[in-house]
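Report on the structure given below.
Chain naming here is simple, since letters A, B, ... match the order of the sequence lines and numbering starts at 1 in each. Just so you know, these numbers use all the heavy atoms, side chains as well, and skip hydrogens, waters and symmetry mates. Quick caveat, the model's predicted, so the values are computed rather than measured.
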Amino acid sequence: MALKIYNTLSRKKEEFIPLKKGEVGIYVCGPTVYNFIHIGNARPFIIFEVVRRFLKFKGYKVRYIQNLTDIDDKMINKARELNISVSELAEKFIQEYFIDADSLNIERADVHPRATEHIAEIIELLKGLEEKGYAYEIDGDVFFEVSKFKNYGKLSGQDIEELKIGARVEVDERKRDAIDFALWKKAKEGEPSWDSPWGKGRPGWHIECSAMSMKYLGKTFDIHAGGSDLIFPHHENEIAQSEANTNQQYVRYWMHNGYLCLNNQKMSKSLGNIMKVRDIIRKYKGEVIRYFILSAHYRSPLNFSEEQLQQAQNSLQRLNNIIYNVKHLLKQDKFKKFKDKDDELILEKRKEGEQQFIKAMDDDFNTPVALSRLFGFAKDVNIYLNSPSLKNKIILEEVIKFYQDLAGKVLGILKDFDKEQSFEQEIKKLIEDREKARKEKNWEKSDKIRDELKRKGVILEDTTEGVRWKKINSE
RNA sequence: GGCGGCAUCGCCAAGUGGGAAGGCAAAGGACUGCAAAUCCUUCAUCCUCGGUUCAAAUCCGAGUGCCGCCUCCA
């Protein structure tokens with residue numbers, strides 16, 4: 001089955017054919033490190049990381065780049081506010097970003113390039129644009145002359161003339177045209193700056209992504225991704241800068257995720273309606289947040305609410321129970337030796353489930369459908385587990401592997417497979433005491449112990465194969 | 001003004017011409033000492049009105065409601 005990706009450039013799902021067979025280069029717009037990230041920021045980070053995981057699962061060699069914007073107006077303002085340097089601010093929030101990314105089980109990119117460490121590359125790019133006549137300098141500022149670039153607007157479907165009419169920005173009168181944008185900004189008093197052929201200054205908003213993406217992935221690369229609010233002007237400008245300079249296609253597949261909303265309004269720092277990952281994670285595990293994000297298709301808008309997180313947690317519990325329950329059976333020492341009809345059936349269902357999962361992911365990363373396949377197989381497994389006959393060890397291991405591969409490796413949820421739950425001596429003792437009481441049919445005592453354990457966060461379940469225990473929401 | 005998105009069960013959410021997936025919640029039953037877990041059963045004519053078609057949630061037209069980009073934003 002061929003993978004199809006919705007390409008913002010063509011507004012269609014296209015079959016994905018990488019530039020180099022078997023290899024994929026992906027660039028994702030990362031955070032500006034001036035604050036803690038909110039759940040809306042986290043959406044693309046989770047989604048495109050799943051894209052990377054799935055491509056790897058399909059056997060591609062993936063090179064994944066996610067930048068860290070560590071110099072711009074917001075950085076400067078915030079540093080001033082906190083009375084620290086811009087680089088101190090950056091260091092702090094880069095660290096905080098990785099703490100949040102780790103808690104969400106977001107794997108590190110192959111490279112996390114920082115704008116301030118790529119000033120030389122940025123200046124090279126600017127020189128090229130100046131030589132080719134796309135850039136002009138006015139008193140230490142450098143601008144891109146949009147009207148010189150004939151394909152301007154092809155990503156966002158904007159018409160240059162319409163843009164001029166609709167311009168609501170306060171126009172810098174010195175620019176040749178209102179829609180020209182800054183490539184390099186002259187340093188103001190007290191701002192961090194770098195030497196350049198145009199004097200001391202710093203890179204404009206869009207140029208860092210062009211410079212860094214092309215440095216690490218080449219002049220033309222496969223996938224560039226980010227939130228849909230970046231389509232215009234950020235990505236449009238990136239295309240202009242890059243293609244004007246290289247004279248070749250910059251990005252082959254543009255992917256953009258829908259917004260995360262709070263009360264049906266886009267969550268954004270400027271509106272102030274944000275939920276920080278750092279705060280949510282106190283109450284809900286990373287995998288719950290991941291499940292919530294993946295429960296909707298990445299291009300659809302998604303509304304955030306605590307009720308939904310609760311639902312996500314409940315749904316996830318069903319999948320986690322499968323793992324607990326199968327692992328409990330694997331602790332037995334009696335297994336049947338040969339495969340019978342039931343075993344064959346479950347293997348068949350496993351294969352079918354995996355195929356359907358892959359088919360869903362192949363269809364522009366349809367994670368809601370992919371998730372539903374995990375539930376479909378769960379029912380088959382539970383029926384198998386319910387049968388009174390001896391189980392086949394190989395089958396049980398195959399079930400674990402199914403979830404390990406698809407839920408664990410591809411979606412990044414259900415990551416606790418290998419973790420053995422540890423118990424304090426005290427709790428082990430209580431479980432033993434209860435078993436003893438049950439044998440004596442002292443229900444009052446056994447129930448009391450069970451309640452006590454529940455208060456301590458341990459759930460007991462009596463099964464025909466002995467008592468089974470799990471911790472509530474263990475991390 | 002230009003460009004774009006969304007509307008499917010109480011909640012979440014797939015489905016783009018021919019069976020309305022899946023999950024959460026709820027109700028009944030089975031199993032259990034009681035529970036829990038699990039299984040079985042129940043639970044939607046898809047915003048409105050027209051049209052095309054043998055056949056439409058799905059295509060076309062009109063309308064209603066909500067949201068976004070064009071300014072920092074994932």
Looking at [X] and [N], is any side-chain donor or acceptor paired with a base atom of the opposite kind under 3.5 Å?
{"X": "A/Arg318", "N": "B/rC24", "result": "no"}
{"X": "A/Asp447", "N": "B/rG33", "result": "yes"}
{"X": "A/Gln265", "N": "B/rC67", "result": "no"}
{"X": "A/Asp159", "N": "B/rC3", "result": "no"}
{"X": "A/Arg450", "N": "B/rA35", "result": "yes"}

If you compare every side-chain N and O of [X] against the phosphate oxygens of [N] (OP1, OP2), does one of them come in below 4.0 Å?
{"X": "A/Asn314", "N": "B/rC24", "result": "no"}
{"X": "A/Lys379", "N": "B/rC40", "result": "yes"}
{"X": "A/Asn321", "N": "B/rU38", "result": "yes"}
{"X": "A/Ser300", "N": "B/rA14", "result": "yes"}
{"X": "A/Asn257", "N": "B/rA74", "result": "no"}

Item to complete: Compute the ring centroids of A/Tyr97 and A/Phe45, then answer whether they are less than 6.0 Å apart.
Response: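 A/Tyr97 vs A/Phe45: aromatic centres under 6.0 Å.
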
Discussion item. For A/Phe221 and A/Tyr216, I'd like to know if the aromatic rings sit close, meaning centre-to-centre distance below 6.0 Å.
Written reply: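 For A/Phe221 and A/Tyr216, the ring centres are not under 6.0 Å apart.
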
Report the nucleotide, chosen from [options], that has the shortest atom-to-atom distance to any side-chain atom of [X].
{"X": "A/Asn41", "options": "B/rA74, B/rG2, B/rC66", "answer": "B/rA74"}
{"X": "A/Arg11", "options": "B/rC69, B/rA37, B/rG4", "answer": "B/rG4"}
{"X": "A/Leu163", "options": "B/rA74, B/rC12, B/rC70", "answer": "B/rC70"}
{"X": "A/Phe232", "options": "B/rG5, B/rA13, B/rC70", "answer": "B/rC70"}
{"X": "A/Phe375", "options": "B/rC70, B/rA74, B/rG23", "answer": "B/rG23"}
{"X": "A/Glu461", "options": "B/rC34, B/rA74, B/rA37", "answer": "B/rA37"}
{"X": "A/Arg468", "options": "B/rA37, B/rC12, B/rC34", "answer": "B/rA37"}
{"X": "A/Ile459", "options": "B/rG33, B/rA74, B/rA36", "answer": "B/rA36"}
{"X": "A/Asn382", "options": "B/rC39, B/rA14, B/rC11", "answer": "B/rC39"}

Protein-nucleotides 15-21 of chain B N/O pairs under 3.5 Å:
unit_1, atom_1, unit_2, atom_2, d
B/rG15, OP1, A/Asn366, ND2, 3.0

Worksheet item: Going by heavy atoms closer than 4.0 Å, what residues in residues 95-109 of chain A are next to RNA chain B?
Response: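 Hits under 4.0 Å, by residue number: none.
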
Item to complete: May I ask you to list the residues of residues 266-275 of chain A, by number, that have any heavy atom positioned under 4.0 Å from an atom of RNA chain B?
Response: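 Close to the strand are A/Lys266, A/Met267, A/Ser268, A/Lys269, A/Ser270.
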
Fill in: For atom OH of A/Tyr6 and atom C1' of B/rC6, their distance in whole Å
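Result: 13 Å.
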
Discussion item. Looking at A/Lys266 and A/Asp229, is there a salt bridge between them, counting it only when a charged N and a carboxylate O are closer than 4.0 Å?
Written reply: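 Between A/Lys266 and A/Asp229 there is a salt bridge, with a charged N closer than 4.0 Å to a carboxylate O.
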
Worksheet item: Does the pair A/Asp180/A/Lys148 count as a salt bridge with the N-to-O cut at 4.0 Å?
Response: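 Salt bridge flag = no for A/Lys148 with A/Asp180.
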
Discussion item. Against A/Tyr253, only a single residue in A/Phe16, A/Tyr6, A/Phe48, A/Phe365 fulfils ring pair (Phe, Tyr, Trp, His ring centres under 6.0 Å); can you say which?
Written reply: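 Running ring pair (Phe, Tyr, Trp, His ring centres under 6.0 Å) over A/Phe16, A/Tyr6, A/Phe48, A/Phe365 with A/Tyr253 returns exactly one hit, A/Phe16.
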
Fill in: Face-to-face stacking of A/Trp443 with B/rG33, centres under 5.5 angstrom, angle under 30°
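Here the ring of A/Trp443 and the base of B/rG33 are stacked, with centres under 5.5 Å and planes under 30°.
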
